[in-house]
Participant: 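My questions will all concern the structure given below.
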Amino acid sequence: MGMAKGFGVTWRQMFRPRLTTEYPDAKRPKPERFHGRHVLNRYEDGMEKCIGCELCAGVCPAKCIYVRGADNPPDAPVSPGERYGFVYEINYLRCIHCDLCVEACPTEAITETKLFEFSFTNREDAIYTKAELLVDDDGRARRQPWELWMGDEDDHTSAWMRATSPSGDAEFEGRIAWSNELGFGERPAEPAQGPKASPDA
Amino acid sequence: MSAILAGDPLLSHGIDFEVVLIVIAKTVVVFALLLVLVMFYIWFMRKVIADMQNRIGPNNAGPWGILQTLADGIKFFFKEQSIPDTADRTVFRLAPYLSVVPAFLAFSIVPIGGKVSILGHQTYLQLADPPIGVLFLLMMSGIGLYGVMLAGWASGSKYPLLGSVRASAQLLSYEAAFGLSVVAVLLHAGTLSTRGIANAQAWTSWHSFVTDWYWSIAIVSFVIFVIAAIAETDHPPFDLVEAEQELVGGFHTEYTGIRFAIFFLAGFMNVITMSAIAVTLFLGGPSGPALGFLPKTGVVNVWLMPIFWFFSKLMVLLFGTVWIRASLPRLRYDQLMDLGWKWLIELAFLAVMVTAVVVVARDQGWERWIAVPAAFGGAILVLGLLRLCMPKADEAVSEVA
């Protein structure tokens, strides 16, 4: 009577809780280290962090980043120091969100947010320039008309870097070693991993 | 003329303008009812299957997503309709209508309510009550196959053709068992008219549920009817006709837009019609207990209660079809043929014979406790003999070799 058993299974399922998340009205929490679209961060005084070194462009395996640096104008510097990112473009039709650019960046200027829902209607929208990538004065990502985000989804623009020790040494795991980024995104470090960091070991 | 139209008292006193008007009104109501039922059924099916799979199902169009089918239908109207180069264009265009018209017609004989009075005319709440009632149903389900057959043939493409060949083979295999399972009811009721069959199962008391309704008296035929009806409507688990893993979409592979929608409409209408026929033949049709505290001839008890009982029973059967759809995997082709030819037809034959004995015993006043068990015993004996005569699988192979 395998058939009756089958009917029993479907009958029982009717009274069990639904697993559906009613996207996009409701969204499931994203993983700690989610790789979404990038932002270009600023210092607290509003200076851009990017120094136009093109390391991100060099490391990008998808060749989706285009950077041109320029000398800071002496009377109105864009970034502290000598040079700044004059042109900064990321082509999201090519980007694979590997985060190598974030790791390569010496000034932590580029980080990835958790925003990933964008639907362009033309290819030009897919190329984010400084106008789209640069954070606002309050340090938050700029919302583009074709992007879908709600609530506090633009929090935590620096998930991945924050969870890692800058030196790569496990001793440093759990320490927030992040330079003074603007505003928000400050949150507890991930639980320690590996035998060294574990309190029991 | 009156012999053909008979049945309905509406037509027995000559035909005047009011009668024509009533018939037209009934036609429109039945037409609309069937379309709304299909809309409702598709939504209901999607919701129930979603429940059985821990999902939510359609919930955006209208309250609880009830307008989802309407939205889908409107979308189909605006989609491109393509015809393959190799298609037989005339037949290709004709096929969907050959499929949908019989589906509509078959529903016309279903009694959905009791005997009511409209504009002073006594009439049944059913579109037509021909004396050949059940034969009409068999005719329509047979004609409906032409739509499927011709669609597959006219598409000029291999998968549709395979699908339609399967459809005809399947319908042929199950039509016999289907017809024979109906015969048991006809023997009990002594009439072909659907109204007559429904009246024979009229509600007298609570024991009518078991003693008057044919599902219990002709339980074997009822089971065979349900299985064969599911197979005839190409409903899972008998949906080999459109087995998408093997045939893309079966006979409607090449169809797009509203023509495709019409095939779907016809398919779901057939499921609803078959369920309604099962209600009529085996579950007493619109009969059921009236509300005792209201007047017997009041609007509620004459109009509403029979309709309520009919649709309640229909809902139960429709839920059953959805449950089957959600639970059972598709049959293999040889299993389909085995079940049809080696089991259902024999059982249906024997059920008819047992029924005949029971009916004769009833009419002749034979001792029931001897005649009925004797008939059953004889039937089981014959079935055993028949199965002994069947070649085993390995024997059949060795003969071929």
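Per chain, numbering begins at 1; letters A, B, ... match sequence-line order. The shown structure was predicted, so the numbers you read here are calculated from the model rather than taken from an experiment.
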Participant: Tell me if a side-chain donor or acceptor on A:R42 pairs with a main-chain N or O of A:L134 at a distance below 3.5 Å.
Facilitator: no
Participant: I'd like to know if A:K130 and A:E89 make a salt bridge, using a cut-off of under 4.0 Å between side-chain N and carboxylate O.
Facilitator: no
Participant: For A:Y92 and A:Y128, take the angle between the two ring planes, folded into 0 to 90°, and tell me which bin it lands in: parallel under 30, tilted 30 to 60, perpendicular over 60.
Facilitator: perpendicular
Participant: Can you tell me if B:N54 uses its side chain to pair, donor with acceptor, with the backbone of A:L19 under 3.5 Å?
Facilitator: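 Flag not set: sc B:N54 to bb A:L19 has no pair under 3.5 Å.
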Participant: Sub-4.5 Å heavy-atom contacts with chain A: which residues of residues 318-340 of chain B show up?
Facilitator: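 So the qualifying residues are B:F319, B:W323, B:I324, B:A326, B:S327, B:L328.
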Participant: With a 4.5 Å cut-off on side-chain heavy atoms, are B:R387 and B:K342 touching?
Facilitator: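 Answer yes - side chains close enough.
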Participant: With a 4.0 Å cut-off on N to O distance, would you call A:E54 and A:R68 a salt bridge?
Facilitator: yes
Participant: Taking the cut-offs as 6.0 angstrom to the six-membered ring centre and 45 degrees off its axis, would you call B:K313 and B:W213 a cation-pi pair?
Facilitator: yes
Participant: After noting the C-alpha distance and the side-chain angles of A:F120 and A:F118, does the key distance pass the ring pair (Phe, Tyr, Trp, His ring centres under 6.0 Å) rule?
Facilitator: CA-CA 6 Å; A:F120 333 105; A:F118 20 100; 5.5 Å; yes
Participant: Is the distance between the ring centroids of B:F222 and B:Y214 under 6.0 Å?
Facilitator: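 Judged by ring-centre distance (under 6.0 Å), B:Y214 and B:F222 do not meet the cut-off.
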Participant: Quick check: under 4.5 Å, non-hydrogen atoms only, which of residues 38-51 of chain B neighbour chain A?
Facilitator: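 Within residues 38-51 of chain B, the residues under 4.5 Å from chain A are B:V48, B:D51.
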Participant: Give the member of A:R18, A:R16, A:R12, A:E22 that has the highest number of heavy-atom pairs under 4.5 Å with chain B.
Facilitator: A:R18
Participant: Which heavy atom in B:A379 sits nearest to a heavy atom in B:L350, and how many Å separate them?
Facilitator: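 So the minimum-distance heavy-atom pair works out to O-CD1, 3.5 Å.
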